[in-house]
Amino acid sequence: MIQNSEHKSIDEGKIVDVDPVGVQSSNIGSFVPEASYRPIPIVWFTAAYLLQVFGLIALYVIMPMKVVLLYVAATAMLSFGIGYWIFDKGMKDASKLWRGFTIAMLLLTWAYTSMIVMA
């Protein structure tokens, strides 16, 4: 089978149209799945959690603890930014339950680290 520049395939003297987009499969199938990627809410929830945990730890390490309220405000902005990004990317299509759990997780993690710093 030979492909020419017009995305047509010449197979044993017959010209057959070939779709230039997507995974090309032979008649025995393909080892590459032909489904499109659809992110699920647990992936976005986990991404938000991991980003927040590592972000809060990084802020804790690099910020001076002389002004505690500055740390609390910076971590609140970080948590809000992560939430905004996660909801803009993938959580907007999730169920209300997943969105609620994500908001609660972001708030509780932020509150927990803020209370530790204020203690």
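Side chains are part of it too, since the values below use all heavy atoms of this structure and drop only hydrogens, waters and symmetry mates.
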### Qualifying residues under side-chain contact (heavy atoms from CB on, under 4.5 Å), relative to A111, sequence neighbours excluded
none

### Query
Should V68 and M77 be regarded as members of a common hydrophobic cluster, given that ILVMFWY residues are connected when their side-chain heavy atoms come within less than 4.5 Å of each other, either directly or indirectly?
no

### Task
For residues 53-93, pull every pair meeting ring-ring contact (aromatic ring centres under 6.0 Å, His included), keeping only residues two or more places apart or in separate chains.
none

### Query
Going only through I, L, V, M, F, W and Y residues with side-chain contacts under 4.5 Å, is there a path from I42 to L97?
yes

### Message
Could you measure the distance from the OH atom of Y112 to the CG atom of L56? Nearest 0.5 Å is fine.
### Response
12.0 Å

### Same apolar cluster: F45 and I40, side chain cutoff 4.5 Å
yes

### Query
Which pairs, with at least one residue in residues 45-54 and sequence neighbours excluded, count as a side chain to side chain donor-acceptor pair (under 3.5 Å)?
Q52-S79

### Task
Looking only at non-hydrogen atoms, find the nearest pair between P41 and M91 and report the distance.
O-CE, 3.4 Å

### Message
T75: which residues meet the side-chain hydrogen bond (donor to acceptor under 3.5 Å, both in side chains) condition with it, sequence neighbours left out?
### Response
W110

### Task
State which residues pass side-chain hydrogen bond (donor to acceptor under 3.5 Å, both in side chains) with T109; sequence neighbours excluded, sorted by chain then number.
none

#### Entry: Shared hydrophobic cluster for I57 and I116 (ILVMFWY, side-chain gaps under 4.5 Å)
no

### Task
List in chain and number order the residues that pass side-chain contact (heavy atoms from CB on, under 4.5 Å) with M115, two or more places apart in sequence or in another chain; answer none if no residue qualifies.
none

### Query
For the atom pair CG (L78) and CG (L106), what is the distance rounded to the nearest 0.5 Å?
9.5 Å

#### Entry: Where I86 and A48 come nearest, the two heavy atoms and their spacing
CG1-CB, 3.6 Å

### Query
Minimum heavy-atom separation for R99 to A94, with atom names?
NE-O, 3.5 Å

### Task
Tell me, please, which residues at least two apart from I62 pass side-chain contact (heavy atoms from CB on, under 4.5 Å).
L59

### Message
Holding to side-chain hydrogen bond (donor to acceptor under 3.5 Å, both in side chains), I want the full list of residues that pass it with W98, two or more places apart in sequence or in another chain.
### Response
none

### Summary
Tracing side-chain contacts under 4.5 Å among Ile, Leu, Val, Met, Phe, Trp and Tyr outward from L108 reaches none

